[in-house]
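What follows is a single structure, written as structure tokens, with notes after it.
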Amino acid sequence: MIQPEIRHLYVHIPFCPKVCPYCSFYKEASDRNKTRRFLDSVLRELDARTVDAKIAPQTIFFGGGTPSALSTSQLEYLLGGLRERLDLGRLEEWTLEMNPATVSLEKASVLKDLGVNRISMGVQSWDEELLKVLGRVHSGAQARRSFEILREAGFQNLNLDLIFSVPGQTRVQWEQSIATTLELGPEHISAYCLTYEEDTAFFDRFRSGEFRQEEERDAEMFEVTMDRLGAGGYAQYEISNYARPGFESLHNLGYWQGAEYLGLGPSAFSRVGGRRWENVPDTVGYCDRVESGGFGEGTVEELSGETLHRERVMFGLRTRRGVVRGDLEPWRDLADRFEADGFFEGDPERIWLTRRGRMVADALAAEFV
Ligand SMILES: C[S@@+](CC[C@H](N)C(=O)[O-])C[C@H]1O[C@@H](n2cnc3c(N)ncnc32)[C@H](O)[C@@H]1O
Ligand code: SF4
């Protein structure tokens, strides 16, 4: 049997300094008693995976939760353990997500020395009032200081996450948040429209009618985002992601272009050899499973060629490069209609979304069933 070669590795760190009321990622408040067992389980799961697959990553992404909620020595232990086990000869991008409240010069310098070359920091907003609405643990001033610390530590590839359409947010406040971000000049900006995710405190307030989803406001904020970030020199290479030339996230491009990836840690997804699985979304359950059998797998799905094709089209269309025309063959009439209606445009080889198409990307994607 030919061993699959894995080029993209994701590691999920499920701890946060404090849980935000809008967020549905699998996470829990940091708990010192669980951490060491969790770190050992991740390394053990990696050992079990390397028996059947060759892992020589081009990209590694530590996400969460909040990887920077780990202490400097815990990060040294985990990242050092990974370095010992992996062939890093092909590594181009190693990203780690940080919350501004958990950044220090010592931690940032250690991460840099261990090989991390890209930091993604969740800022969400620079406005103190909106940061309170979002239940964030940091102020705008602290986020700015953390950004400066990351620069001081030598990081030359920084992403900042922002959220728009926060309850009570005005267009002027959003423009101001974008202006402050542009002033700092990160290499990459992710700008997400707030979504009301089930099983969050925000969802309950949405269901009770206190918070409302307003399509017109969302569209206006999205247009402002595209205009301002475009004018600031950032190309929108995916619906919610903007980068200076040469700073697109290779890890995320891998996902969107249908590459295979391996995920370690609770709730992490993997897709290898036509199988997709999700590790159990529970830290203790995950550790139990890894300790007894080496793997954290919970649910598994066998993917047909048709499903893989459809997913490649749906994700590909969200990117600036779009998809090759041949991939749209099963939906030819639909694609022709979207092109005639001004949602799609292309050249003889590829098709991608117009600005008008990007405004309604989710609704268009839903048609590819
Ligand atoms: C794992 S967090 C980033 C790192 C760190 N945990 C933090 O929050 O600072 C991933 C990002 O997803 C975005 N996000 C989370 N929940 C969201 C929601 N309900 N709507 C829109 N964006 C959301 C936020 O921008 C957040 O920074
Ligand atoms: S947004 Fe980040 S810090 Fe907040 S709960 Fe989600 S993962 Fe944790």
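Both ligands and their constituent atoms are indexed starting at 1 by order of listing.
With a 6.0 Å cutoff to the six-membered ring centre and a 45° limit on the axis angle, Arg36 counts as a cation-pi contact of Tyr77.
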Worked verdict on Leu75 versus Phe62 for side chain to side chain contact (heavy atoms under 4.5 Å, CB included): CA-CA 11 Å; Leu75 286 165; Phe62 272 60; 5.5 Å; no
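Within the model, atoms OG1 of Thr283 and CD1 of Ile13 stand 10.0 Å from one another, a figure rounded to the nearest 0.5 Å. Between the OG atom in Ser190 and the CE atom in Met121 there is a gap of 12.5 Å [rounded to 0.5 Å].
Side-chain N/O atoms of Tyr286 and Ser267 include no donor and acceptor closer than 3.5 Å. Counted by atom type alone, Glu210 and Ser208 present zero donor-acceptor pairs between their side chains at under 3.5 Å.
Ligand 1 lies within reach of Met98, whose nearest heavy atom is under 4.0 Å from it.
Within 6.0 Å of the CD atom in Glu329, the count of heavy atoms belonging to other residues, nucleotides or ligands exceeds 12. Atom CG of Asp347 sits in a crowded spot, with more than 12 heavy atoms from other residues, nucleotides or ligands closer than 6.0 Å. Residue-environment remark: CD (Glu129) stays at or below the threshold of 12 foreign heavy atoms within 6.0 Å.
The single protein non-hydrogen atom nearest to atom 17 (C) of ligand 1 is Tyr22 CD1, 3.7 Å, given as residue, atom name and distance. For atom 2 (S) of ligand 1, the closest heavy atom belonging to the protein is Glu97 OE1, 4.1 Å. For atom 21 (C) of ligand 1, the closest non-hydrogen atom of the protein is Cys193 O, 3.5 Å. Summary of contacts: the protein heavy atom closest to atom 3 (C) of ligand 1 is Asp161 OD2, 3.7 Å.
Listed by first then second residue, pairs satisfying salt bridge (Lys or Arg N to Asp or Glu O under 4.0 Å) with a partner in residues 76-101 read Asp47-Arg85, not counting sequence neighbours.
Inclusion of Gln124 in the set of residues having an N or O under 3.5 Å from an N or O of ligand 1 is warranted. Among the atoms of Tyr192, none of the N or O lies under 3.5 angstrom from an N or O of ligand 1. Backbone and side-chain nitrogen or oxygen atoms of Leu162 are examined, and none is located within less than 3.5 angstrom of a nitrogen or oxygen of ligand 1. Between Thr195 and ligand 1, at least one pair of N/O atoms sits closer than 3.5 Å. Between Thr66 and ligand 1, at least one N/O pair is under 3.5 Å apart.
The pair Arg355-Asp227 meets the salt-bridge criterion, since a charged nitrogen lies less than 4.0 angstrom from a carboxylate oxygen. Ion pairing between a basic and an acidic side chain is recognised when a charged N comes within 4.0 Å of a carboxylate O; Glu128 and Lys132 show no such pairing.
Below 30°, between 30° and 60°, or above 60°: for His8 and His251 the angle between ring planes is above 60°, a perpendicular geometry. Using bins of under 30°, 30° to 60° and over 60° for the plane-to-plane angle, the ring pair Trp331/His309 lands in the perpendicular bin.
In the vicinity of Gly65, heavy-atom distances shorter than 4.0 Å reach the ligand 2 atoms 7 (S). Under a 4.0 Å criterion applied to the non-hydrogen atoms of Leu194, ligand 1 contributes the atoms 20 (N), 21 (C). Which parts of ligand 1 touch Gly65 is read off a 4.0 Å heavy-atom cut-off, strictly below it: atoms 1 (C), 6 (N). Atoms of ligand 1 found under 4.0 Å from any heavy atom of Arg136 (numbered from 1 in listed order, with element): 7 (C), 8 (O), 9 (O). Residue Gly64 has at least one heavy-atom neighbour below 4.0 Å for each of these atoms of ligand 1: 1 (C). If you number the atoms of ligand 1 from 1 as listed, the ones under 4.0 Å from a heavy atom of Glu197 come out as 19 (N).
Proximity of Phe25 to ligand 1, defined as any heavy-atom pair under 4.0 Å, is confined to the side chain (atoms from C-beta onward). When non-hydrogen atoms are compared, ligand 1 lies under 4.0 Å from the side chain of Ile163 (C-beta onward) but not from its backbone.
Shown here are the protein N/O/S atoms lying under 2.8 Å from atom 4 (Fe) of ligand 2, water excluded: Cys20 SG.
Panel note: side chain Lys107, backbone Leu70; a donor-acceptor pair is recorded below 3.5 Å.
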